[in-house]
Amino acid sequence: MTKQAEPAALSGLYPAAIRQSVTKLDPRSLWKNPVMFVTAVVAAMTTVLGLRDLLAGSVGAGTSLHIALWLWLCVLFANFAEALAEGRGRARADTLRATKSETRVRSLGAPDDDPATGVETLSTALRLGQFVHVAAGEIIPADGEAVRGVASVNESAITGESAPVIREAGGDRSSVTGGTTVVSDWLVIRVTAEPGKSFLDRMIALVEGAERQKTPNEIALNILLVGLTLIFLFVVVTLPAFASYSGATIPVVVLGALFVTLIPTTIGGLLSAIGIAGMDRLVKANVIAKSGRAVEAAGDVDTLLLDKTGTITFGNRMADALIPAPGVDLRRLAEAAALASLADETPEGKSIVEKAREVLGAVPAMPSRAEAVAFSAQTRLSGLDLVDGRSFRKGATDAVIRLTAKTPPVALGAQVDAIARSGGTPLLVAEGNEILGVVHLKDIVKPGVRDRFAELRAMGIRTVMITGDNPLTAAAIAAEAGVDDFLAEATPEMKLDLIRREQAGGRLVAMCGDGSNDAPALAQADVGVAMNAGTSAAKEAANLIDLDSDPTKLIEVVLVGKQLLISRGALTTFSIANDVAKYFAILPAVFVAAYPGLGALNIMGLASPSSAILSAVIFNALILVALVPLALRGVRYRPATAAALLQRNLLIYGLGGLIVPFLGIKAIDLTLVALNLV
């Protein structure tokens, strides 16, 4: 989705946003944004008064209507920013909808039934608990769990990644998503979602930002904006009394213009767009947010808990090294290990063949008429017997020693012990009765994990690995991955207890996981990130779903969260600083007739009171347009202390908010005078 070309729907985004800007003038829609609702009320009032003055032939009718026009444009620009942010989410939702199709599938009465006896039915008629057989080239009709078979599945319709993934019955990789395609082999799937409630349906609803709930931070900021609006309303309402005491009158249109330009319309108009754009940036990172609160909380995360298997590591033991016995050539060991593993279809066996290929350049082909020896719990050995009488075995240390009736050389025995102490698994390799060396199997840490954890540490986030392994193995993998701490032999109860202890200490906790045993912890955490490759239980419990199943994706989530908070803070600072600067434009203009001494405050040298008021109103509308790209893109986050971020915020957006209005209002004033509009 995000790694493919931008959806075609985005090309028509701007015309749709313009239409939505007008639709959002509905008072029922505007009421959700109190600041812009008040602006619209003042615009309507000014329009009525301007038309009244025009019909009466009043001299000030032109200025009144000009003010009314720009007040309406101010509301429309704010609506446009929100509609543009919402439209990006809807465009991606339309792309997801295109992946949904009604197909005919084979429904089975039981998972072990012969597919040939299955009943053909429409995918839309499937119900919870039904079993379906899906073969190569067919679309998986609904969310489900694989109960039989193993297959390669193309999930590009969901994740945007063209590389297929393996889905198999049992374990943590049995979850399949409706709309994805089986590339090879087959699966029997138990449907786990009713029609209309699939993961794809939820994704479509979630990426449509218009349906999101406001976050606590956004609600608090809205309360602040409403409070400031009420304060300025009180100020403006009392101004006519002061003017009357001095023998002056202030037109209602001027009071309306003063009120709108003093309230924080900039942040009020862009607040919704900032929040929606934050969730849209997560969609671009292939993360689906179930809750805006989770995005916001990610910006303040202190502790990150990560499940080891399938999250930090690949989850399968893989060959990490081939260590020959003294006097044995490495190439001979590699050839013997490859021959002993050619018939082994397990991930471990395949990894041994790949490791041998790294040494040999090419591995031997499967000899004709060779007899494969399958692994069993009794022998704990596997291998190959050739027709020329040679035999190759690999297996547990004690099993190979019993088979060969020989003790490994002291140096090789020391290597075996070292592998076991490091948390790995040693497999001895033998040809006949001769022990050739050992294969070091280990749960491989995913590439780049250590560097990403270092980035998290620089952000002040503590990483904790959670695993069911023994402390020795956990310590070895924790050191290799570069996490700050680990919890070994962890049960679901222990994970929950750890999260609650962290939260009791006032820290926000994020949890990454993919298994059903991670579900309670994902539900308890402030930010729960489930891997898309994980189980349905994990995805249901989490409030964020990583479509790429990359545990380090939390860095992007944290960055988006921090960017969201910083963007709001920066634009709020800019908006309030703007209001301070506007005092010097409008207040002298309003009272200069009654108090000529206030002319000294006209430091911008504006041409006339009407020009000052109209220039401020126009600037108020145009600055909204200028800040829309920043609201949608977000303020760039750089790791720094809170004090440094505040200083940067005040320097750039506080000082900038004071200077820009002086320059902008003066430029508009000169333009109005040049065009004889005032």
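Being a predicted model, the structure only gives us computed values, none of them experimental. When reading the values below, keep in mind they use all heavy atoms of this one structure, side chains included, and skip hydrogens, waters and symmetry mates.
For Val301, the side chain to side chain contact (heavy atoms under 4.5 Å, CB included) partners two or more places apart in sequence, or in a different chain, are Ile461, Ala510, Val527. A search for salt bridge (Lys or Arg N to Asp or Glu O under 4.0 Å) contacts involving Glu358 returns Lys355, not counting sequence neighbours. The side chain to side chain contact (heavy atoms under 4.5 Å, CB included) check on Asp300 picks up Leu508, Leu565, with sequence neighbours excluded. Listed by chain and residue number, nothing satisfies the salt bridge (Lys or Arg N to Asp or Glu O under 4.0 Å) test with Arg500 (two or more places apart in sequence, or in another chain). Partners of His133 by ring-ring contact (aromatic ring centres under 6.0 Å, His included), not counting sequence neighbours, listed by chain and number: Trp186. Partners of Thr397 according to the side chain to side chain contact (heavy atoms under 4.5 Å, CB included) rule, which considers only residues two or more places apart in sequence or in another chain, are Ile401, Val416, Pro426, Leu428.
Of all heavy-atom pairs between Ser341 and Gly349, the closest is CB-O, 3.6 Å. Pairing each heavy atom of Val134 with each of Pro141, the nearest pair is CG2-CD, 4.0 Å. Here the closest non-hydrogen pair linking Ala570 and Val635 is CB-CG2, 3.9 Å.
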Can you list the steps and then say if Thr181 with Ile140 is a side-chain contact (heavy atoms from CB on, under 4.5 Å)? CA-CA 6 Å; Thr181 306; Ile140 294 174; over 6 Å; no
Would Glu145 and Thr192 count as a side chain to side chain donor-acceptor pair (under 3.5 Å) here? Give the steps. CA-CA 7 Å; Glu145 293 283 344; Thr192 58; 5.6 Å; no
Walk me through whether Arg457 and Asp484 qualify under salt bridge (charged side-chain N to carboxylate O under 4.0 Å, His left out). CA-CA 8 Å; Arg457 195 174 297 111; Asp484 297 314; 2.7 Å; yes
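Side chain to side chain, Ser382 and Lys394 meet the donor-acceptor criterion of an N or O pair below 3.5 Å.
In summary, of the residues considered (Thr303, Leu304, Ile466), a side chain to side chain contact (heavy atoms under 4.5 Å, CB included) with Met511 occurs for Ile466 alone.
Counting only distance, with no hydrogens or angles, the side chain of Asp546 and the backbone of Val287 share no donor-acceptor pair below 3.5 Å. For Asp417 (side chain) and Ala414 (main-chain N/O), no donor-acceptor pair under 3.5 Å exists by modelled atom type. Using modelled atom types, one side-chain atom of Glu138 and one backbone atom of Ala135 make a donor-acceptor pair closer than 3.5 Å. Proximity of a side-chain donor or acceptor of Gln524 to a complementary backbone N or O of Ala521 within less than 3.5 Å is not detected. A donor-acceptor distance shorter than 3.5 angstrom exists from the side chain of Ser351 to the backbone of Ala319, with no hydrogens or angles considered. The main-chain N or O of Val483 is never found under 3.5 Å from a side-chain atom of Arg450 such that the two would form a donor-acceptor pair. Although no hydrogens or angles enter the test, the distance criterion places no donor-acceptor pair under 3.5 Å between the side chain of Asp497 and the main chain of Glu493. With Thr463 contributing its side chain and Phe453 its backbone, the two residues share no donor-acceptor pair below 3.5 Å. Of the possible donor and acceptor atoms, none in the side chain of Asp320 sits under 3.5 Å from a partner among the backbone N and O of His440. The main-chain N or O of Pro111 is found under 3.5 Å from a side-chain atom of Arg148 such that the two form a donor-acceptor pair.
Atom CG in Asp114 sits 10.0 Å away from atom CZ in Arg106 (nearest 0.5 Å). Considering CD1 of Ile566 and CG of Leu559, their distance stands at 9.5 Å, rounded to 0.5 Å. To the nearest 0.5 Å, the span separating CD1 on Ile274 from CZ on Arg633 amounts to 12.0 Å. Here the CG atom belonging to Leu522 is positioned 8.5 Å from the NZ atom belonging to Lys495, to the nearest 0.5 angstrom. Going from atom CE of Met318 over to atom CD of Glu348 covers 9.0 Å, rounded to the nearest 0.5 Å.
A salt bridge does not link Arg507 with Asp526: every distance from a Lys NZ or Arg NE/NH1/NH2 to an Asp or Glu carboxylate oxygen is 4.0 Å or more. Salt bridge status for Asp302 with Arg462: absent, with no side-chain N to carboxylate O gap under 4.0 Å.
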